[in-house]
Amino acid sequence: MKQLDTDIVDKVNALRKALHRHNHLYYVLDNPEVSDAEYDRMMLELTALEEAWPKLYAADSPTSRVGAPPLSEFETIAHSIPMLSLGNAFADSDIIDFDRRVRKILRTDDEILYTVEPKLDGLAVELVYEKGKLIVASTRGDGINGEVITANVRTIRSAPLLLQDTGKRNIPLRLEVRGEVFISHEGFRSLNEEQLSQKLPPFANPRNAAAGSLRQLDSSITAKRPLEIFFYGVGEFTDLKLKSHWETLQALQELGLRINPLITPEVTIEEAVDCCKELEDKRHLLPYDIDGMVIKVDNLSLQTKLATTSRSPRWAIAYKFKAMQETTRVLNIDVQVGRTGVLTPVAHLQPVNVGGAMVRRATLHNEDEIERKDIRIGDTVLVQRAGDVIPEVVKVIESKRTGAERIFHMPLNCPVCGSTVIRAKGETATRCINSTCLAQLKERIKHFSSKGAFDIDGLGDKLVEQLVDKGMLASYADIFHLDAVKIEGLERMGARSAEKLVLAIEKSKKIKFSRFLYALGIRHVGEHVAKILAEEFKSLDNLLDATKEQIEAVEGMGFVIAESVVNFFKQNTNREVINRIFDSNVCILFHAHEKERTLENKVFVLTGTLEDLTRDQAKEMIEAAGGKVSGSVSRNTDYLVAGSSTGSKLKMAKDLGVEIIDKAAFLKILSR
Ligand code: IVH
């Protein structure tokens with residue numbers, strides 16, 4: 001038998017230690033030190049050693065997140081301290097009343113300090129660590145008893161198998177921590193894509209997806225789901241000497257347990273109200289769903305004095321955001337024709353206020369979606385608004401059916417041009433393939449003049465429709481042949497606005513290659529793909545000559561994109577339109593990207609207004625110099641560019657020690 005020598009034991013231990021540390025840096029601190037490839041290499045090396053030396057098996061090895069055998073049912077376990085729920089506040093006055101109640105019970109007129117946290121919309125879990133090792137994890141269950149889901153929780157990368165010894169805290173003998181398991185928007189999108197590609201039904205929302213994933217008897221399925229966790233509290237624990245809730249959260253963070261970066265510690269009740277409002281306004285900017293905020297009395301001895309009722313603590317309250325879902329009726333269903341000829345069924349709804357905005361229409365995506373959700377004209381439905389996206393129908397309230405509802409059928413002809421529509425095998429989209437269809441033309445022109453493309457100020461949707469209907473635009477190339485005299489005669493157009501538009505068109509003629517490519521409206525070529533193609537091929541001539549294979553060989557491109565690009569340029573009509581564009585002195589700026597990339601890999605976040613500099617312009621400047629722009633501040637952020645009137649991002653940046661710069665400093669960095 002092979003002899004297990006100390007070198008191998010040392011090597012395995014060193015790899016485990018390093019991998020635990022890199023996990024922590026990556027998943028908890030969001031600040032990796034090594035590349036993914038380097039991490040994978042270490043993981044492979046450790047796996048190989050462990051396979052060669054089964055004696056070295058350890059349940060807390062970074063390799064053993066997956067692999068537990070499937071269960072036939074979940075065991076239950078009693079929580080040492082019940083996992084309660086929270087009382088609700090729906091208005092500012094409910095929050096103020098809560099503070100009044102707190103002070104009444106405590107018999108004090110002194111100001112109470114609160115910690116305010118986002119209320120994630122996921123599932124509550126409890127993890128128990130003994131001597132720093134994760135030994136059991138359970139669901140909230142009925143609050144008294146939960147189901148044991150240890151194998152599933154072990155697959156969640158942001159849930160450490162071992163507490164981190166950062167030297168700041170002693171590892172407690174026992175620690176029960178509580179947190180919320182959730183799936184981000186991004187994770188939800190890719191998970192549903194995966195479901196659909198396997199012909200499985202998609203999940204209705206991230207919460208359902210998280211719940212379904214966490215309650216799998218086979219943890220190898222859970223391991224494939226993009227679950228994440230934020231910790232927000234503790235049950236029983238030893239050794240930690242804690243005085244406040246905020247201190248508790250910091251202790252958790254120091255032990256390697258991820259806490260939400262948007263927590264606001266130690267504020268007055270008025271400030272707490274402001275925090276709630278601020279995040280309610282910005283909730284759509286977050287990468288995950290939150291359904292409210294939790295306001296907690298910060299001081300732990302005051303929490304003890306306030307105690308709990310049988311259902312919820314008296315020291316905390318949940319401020320619930322306005323619902324983003326409402327029920328309403330489908331009055332009718334009609335069909336819109338998009339830029340690429342895709343027919344999208346749209347529901348006309350009985351107008352309803354959803355989370356502060358009136359919703360009149362909702363997209364039904366495609367024929368399969370309507371069939372899957374069985375949506376009929378006349379149905380009462382649940383509609384949902386999520387962030388900035390178009391409202392959609394979540395489901396039909398079947399109990400409200402009267403029998404008078406009508407089933408919708410996709411038209412056999414394009415509702416705009418009347419030509420026969422086609423649904424290709426294996427595709428969900430029904431298309432009008434008449435490339436001269438006016439609906440498509442209108443959408444193509446709108447796209448051409450939109451922000452990320454030629455960005456023609458004043459050429460709005462309504463005007464494009466008029467111009468097409470009047471026969472003044474038969475392709476986007478015609479935009480450059482419009483003259484002020486003709487435009488002046490149109491509805492709601494004066495001499496001044498006509499002149500302004502002509503100037504804007506003139507100005508748009510100098511355009512970056514990537515924007516030009518995006519503007520053409522080639523299928524599958526969005527802003528991102530256009531940028532990659534522009535950077536790779538440098539000139540239009542190069543791209544016109546490129547073969548499918550050459551395009552496919554570019555990182556980030558695939559067969560579908562390559563085929564679409566080549567087909568587009570192969571068509572004579574498209575070549576003619578492009579030639580016509582150049583006839584009117586459109587000039588592509590090919591060199592913008594070849595500028596020195598002084599900001600390579602630097603991450604910027606923009607906040608507030610930067611006077612005359614728009615966000616899009618700032619973004620473009622950063623990207624041209626090789627930098628990146630992110631929507632939210634994290635430890636990875638290099639600079640926060642703060643204009644006037646700024647909010648939570650500024651605060652976050654300060655909390656995280658991110659460098660904050662104003663417009664002048666920003667321009668200076670760019671010119672370096
Ligand atoms: S504190 C005893 N903090 O909301 C205090 N809960 O109704 C109990 N939740 O089941 C919870 N984010 O799953 C707390 N930052 C947060 C939370 C949070 C989400 C959930 C939790 C609980 C429910 C309370």
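In listed order, ligands and their atoms are each counted from 1.
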Original post:
Is the shortest heavy-atom distance from the side chain of D60 to the side chain of L134 under 4.5 Å?
Top reply: no
Original post:
Can any side-chain N or O of D379 pair as donor or acceptor with the backbone N or O of V381 at less than 3.5 Å?
Top reply: no
Original post:
At a non-hydrogen distance cut-off of under 4.0 Å, which region of K296 contacts ligand 1 (side chain, backbone, both, or neither)?
Top reply: side chain
**OP:** Any chance you could measure E659, atom CD, to T637, atom OG1, to the nearest 0.5 Å?
**Re:** 12.0 Å
Original post:
Under 4.0 Å from ligand 1, counting heavy atoms only, is it the side chain of L86, its backbone, both or neither?
Top reply: both
Subject >> Note, V294 side chain near L86 side chain (heavy atom, < 4.5 Å) >> reply: yes
Subject >> Residue and atom name of the nearest protein heavy atom (relative to atom 2 (C) of ligand 1), distance in Å to one decimal >> reply: P313 CG, 3.4 Å
**OP:** Specify the protein heavy atom at minimum distance from atom 8 (C) of ligand 1: its residue, its atom name, and the distance to 0.1 Å.
**Re:** L84 O, 3.8 Å
Subject >> Close approach of P118 to ligand 1, heavy atoms, under 4.0 angstrom >> reply: yes
Original post:
Would you call D281-K277 a salt bridge at under 4.0 Å N-O?
Top reply: no
Original post:
Which residue and non-hydrogen atom of the protein lie closest to atom 15 (N) of ligand 1, and at what distance in Å?
Top reply: E117 OE1, 2.7 Å
Original post:
To the nearest 0.1 Å, how far is atom 11 (C) of ligand 1 from its closest protein heavy atom, and which atom is that?
Top reply: Y232 CE1, 3.8 Å
**OP:** Assign the ring pair Y288 / F230 to parallel, tilted or perpendicular, where the plane angle (0 to 90°) is split at 30° and 60°.
**Re:** perpendicular
Subject >> Nearest heavy-atom neighbours spanning P313 and T308 >> reply: CA-CG2, 3.7 Å
Original post:
Of all the non-hydrogen atoms in the protein, which one sits nearest to atom 13 (O) of ligand 1, and at what distance?
Top reply: E180 OE1, 2.4 Å
Original post:
Which part of A124 is near ligand 1, with near meaning a heavy atom under 4.0 Å away: side chain, backbone, both or neither?
Top reply: both
Subject >> Heavy-atom nearest neighbour of atom 12 (N) of ligand 1 within options I259, N88, L120, V125 >> reply: L120
Original post:
With a cut-off of 6.0 Å (strictly less than), are more than 12 heavy atoms of other residues, nucleotides or ligands near CZ of R401?
Top reply: yes
**OP:** Taking only heavy atoms of S85 into account, list the atoms of ligand 1 that are under 4.0 Å away from them.
**Re:** 7 (O)
**OP:** Test E176 against R174 for salt bridge (charged side-chain N to carboxylate O under 4.0 Å, His left out), laying out the working first.
**Re:** CA-CA 7 Å; E176 301 174 0; R174 185 177 168 90; 2.9 Å; yes
Subject >> Mode of K119 contact toward ligand 1 - side chain, backbone, both, neither (heavy atoms, under 4.0 Å) >> reply: both
**OP:** Would you please determine whether G233 falls within less than 4.0 Å of ligand 1 on a heavy-atom basis?
**Re:** no
